[in-house]
2 protein chains.
Amino acid sequence: MRIQDVAAAAGVSVSAVSKVLRGAYGVSPQMRNRVTAAIEELGYRPHTGARAMRGRTYTIGVVLVELASPFQTEVAQGISDELDNTPYQDIIVTAGTSPKRQKASIEALLDRQVDGLVLVAPWLDTTWIEEIAKTVPVVTVALHGSPTTFDSVVDDERLGARLMVDHLVTAGHRRIVHTSMPPGESEGVFVLSHTARRQGFEQAMRHHGLEPDIIETWYSEEGGHRAALEAFARPEPPTAIFAGADVAALGVLRAAEEQGLRVPEDVSVAGYDNIYISTIRRVSLTTVDQSGHRTGEKCARLLLERIGGRTEPKQFVVAPKLVTRRTSGPPPGGAEA
Amino acid sequence: MRIQDVAAAAGVSVSAVSKVLRGAYGVSPQMRNRVTAAIEELGYRPHTGARAMRGRTYTIGVVLVELASPFQTEVAQGISDELDNTPYQDIIVTAGTSPKRQKASIEALLDRQVDGLVLVAPWLDTTWIEEIAKTVPVVTVALHGSPTTFDSVVDDERLGARLMVDHLVTAGHRRIVHTSMPPGESEGVFVLSHTARRQGFEQAMRHHGLEPDIIETWYSEEGGHRAALEAFARPEPPTAIFAGADVAALGVLRAAEEQGLRVPEDVSVAGYDNIYISTIRRVSLTTVDQSGHRTGEKCARLLLERIGGRTEPKQFVVAPKLVTRRTSGPPPGGAEA
DNA sequence: GTTCGCCTGTAGAACGTTGCACAAACCCCG
DNA sequence: CGGGGTTTGTGCAACGTTCTACAGGCGAAC
């Protein structure tokens, strides 16, 4: 089933069919009708590989770190939904946090001639991203900075961290520990989520006249668990732990439970991301929400604009929202802990 | 950067480079060396679109219902990991439960000339799947039946349901409610997970001389919640609820909490899937484990075999495993409830 | 009635691979 | 040293699309 067959069936030239397919200029209504009828009747579908040789593939590549991260999959879902009634199809690949594998995944997508690329929290040298952005439209998610050759969508994570610190301080907490991650090797002017959150935490704490207290582990259940055990073992343990990510907060909750600490009576626990688990009654974690779905939608729109011809870079900032649930409250002994 | 450039750099013909690339027969070691050196030096990467015109694309399409389903993403991860050091790249698309959108997604993948297709829990007419399996290797996940034109990997979900019923009955439960879903329109000889689980439940209950009791809602938090409320409102409420899926079990837990019922003292709750949430301390749900990761690995291997030339269909059954945690125990009043 | 410009539609040359068909070189054996 | 077979390397015709360049027709304006 080739374009040629459609042309034959409609009694027109191959070029004419191609024009109709691409919505190009110079097509009379009656020809358009005959061609679309023929396409319909034959059930013709364009061969993407052949298209890739000359023009567009109508494919958007989405690079995620991992599918287990709810925020990332929400972004992907947002892209998918936004693209739903366009001719574009999104395809997802997972790349892990290793820069080497990430690079390989992106290259695999470039080999497949995607028309656009969404990089969610890329652990990559930004100069390399700038490089590929010369070839194909790119939008990054959760990369803080001011890129000039590509677009970006970020949650204002410094603000988000500040909201959380304000919430805890207002409740009376003074000794607040933040769990973070080691900065990526490739972070410089451009910075990833965890660094932005840490910076927001530090800023907000100082603003309240408090000394920022950070334990560096990993954004994972295990990482949160380790950080919490370390914090609890101190002579003066914190009255609140603000984990850099909800997954880590889960580990903090486990550690608290193991140590016989009640939450929030003995210690308040908070996270960041508002992942699905945090919403369920049994967990009910105080956290910061950044809508992955809206982020994804925006990415898709930016990409379509770029494909449509825009060249000046755009940056879109999503506002974070504090979500207070049942894991946070006043410190033991009240506001004067 | 074309194959031609590589040929020129290596001082050989284009065909020769192609042979090396494809690992084809008739290549001397020294030519292979020169060509690979040239490829390396130039950083050449084959153009997938051009390949699609003639041969393989080295791309495996993975169709998931949604990224929010942990089992499905685990399968995808398993595929990805298994493919990691092969020349094949997996790409994921999400298709939803609507047969129409699923069909569109699969077609989008076929347009892109994938070399193989993994369909995870497809809500589709199996004759249509048989149809596309004529064109491209297909392996389905969680489709119970005996396909002749494609491969399949299934968890023995009837057995899994039986394990759970045995567990509950042994603990002393007699009034057990199972929450299920309406069977798909396209289910006939071939059956999806929820139907297999329901069948396993029915069989196991009868085997114990008990009447199967099923409430049909949806595999979702909300669905489980509704089913549980209905069950609790009965004159003789069940002492155990075996939700067809962990997500639904979460809704059951919420309903129990709202009704002031303690778990497992007043009512036991169990699920199926062993999703990540179920493992966290705060939830600790009794469930049945089916390893999504192993399932995915097997899918990839089956597909590679098919691409390698196998034609007779294979079916692979993964054994489910009962995971007892803290949401199940003896019924109130002991074994003689 | 000629000229000019616009509007429709077409021919055909790419695009970068693959793999068949074939040629050349080589090896082994009688 | 001739003949057969095998191994190694090459030429070239696809594959299905896009899009430029161009031809022909038609209408308006003079």
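Quick note on labels: first sequence line is chain A, next is B, and so on, each numbered from 1. Values reported hereafter were calculated over all heavy atoms of this structure, with side chains retained and with hydrogens, waters and symmetry mates removed.
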Inset, instruction - Assign each of B:R2 and A:S28 to its nearest nucleotide of DNA chain C by heavy atoms, then name whichever residue's nucleotide is nearer the 5' end. - result: A:S28

Legend entry - Nearest-Å distance for atom pair CD/C1', residues A:Q113 and C:dG16: 10 Å

Inset, instruction - With side-chain contact (heavy atoms from CB on, under 4.5 Å) as the test, would you mind laying out the steps for B:M1 and B:R45 before giving the verdict? - result: CA-CA 8 Å; B:M1 198 46 50; B:R45 299 185 60 90; over 6 Å; no

Inset, instruction - Give a yes or no answer on whether the side chain of A:Q113 reaches the backbone of A:T59 with a donor-acceptor pair at less than 3.5 Å. - result: no

Inset, instruction - Please state how far atom OH in A:Y25 lies from atom P in D:dA21, giving the value in whole angstrom units. - result: 17 Å

Legend entry - Check: A:W123 main-chain N/O paired with A:Q102 side-chain donor or acceptor under 3.5 Å: yes

Give me the distances for all protein-to-nucleotides 23-28 of chain C N/O pairs that come in under 3.5 Å?
none

Inset, instruction - Mind calculating the distance between NE2 (A:H47) and P (D:dA14) to the nearest angstrom? - result: 17 Å

Legend entry - Separation of atom CD in B:Q30 from atom C1' in D:dG9, rounded to whole Å: 11 Å

Inset, instruction - Please tell me if the side chains of A:D5 and A:R2 come closer than 4.5 Å, counting only heavy atoms from C-beta onward. - result: yes

Legend entry - Whether A:R34 side chain and A:A10 backbone form a donor-acceptor pair below 3.5 Å: yes

Legend entry - Check: B:T97 and B:Y219 side chains under 4.5 Å, non-hydrogen atoms: no

Inset, instruction - Select one nucleotide: of D:dG11, C:dT17, C:dA11, the one nearest the side-chain heavy atoms of B:S13. - result: D:dG11

Inset, instruction - Return the angle between end axes of the helix from C:dG1-D:dC30 to C:dG30-D:dC1, with five pairs used per end and rounding to 10°. - result: 40°

Legend entry - Closest-nucleotide ordering on DNA chain D, the 5'-leading residue of B:P29 and B:M53: B:P29

Inset, instruction - Give me the one residue out of A:I92, A:V93, A:D90 that meets side chain to side chain contact (heavy atoms under 4.5 Å, CB included) with B:I92. - result: A:I92

Inset, instruction - Using a strict 4.0 Å threshold on nitrogen-to-oxygen distance, state whether B:R301 and B:E297 make a salt bridge. - result: yes

Inset, instruction - To the nearest Å, give me how far apart CG (B:D111) and C1' (D:dT17) are. - result: 13 Å

Can you pull every protein N or O that's under 3.5 Å from an N or O on nucleotides 18-20 of chain D?
residue : atom : partner : partner atom : Å
D:dT18  : OP1  : A:R51   : NE           : 3.0
D:dT18  : OP2  : A:S18   : OG           : 2.8
D:dT18  : O2   : A:R54   : NE           : 3.0
D:dT18  : O2   : A:R54   : NH2          : 3.4
D:dC19  : OP2  : A:R22   : NE           : 3.1

Inset, instruction - Check whether any side-chain heavy atom of B:T295 sits under 4.5 Å from a side-chain heavy atom of B:V120, and report yes or no. - result: no

Inset, instruction - Decide whether B:R22 and B:S18 meet the rule of one side-chain donor and one side-chain acceptor closer than 3.5 Å. - result: yes

Legend entry - Short side-chain to backbone donor-acceptor contact, A:Q72 and A:V65, under 3.5 Å: yes

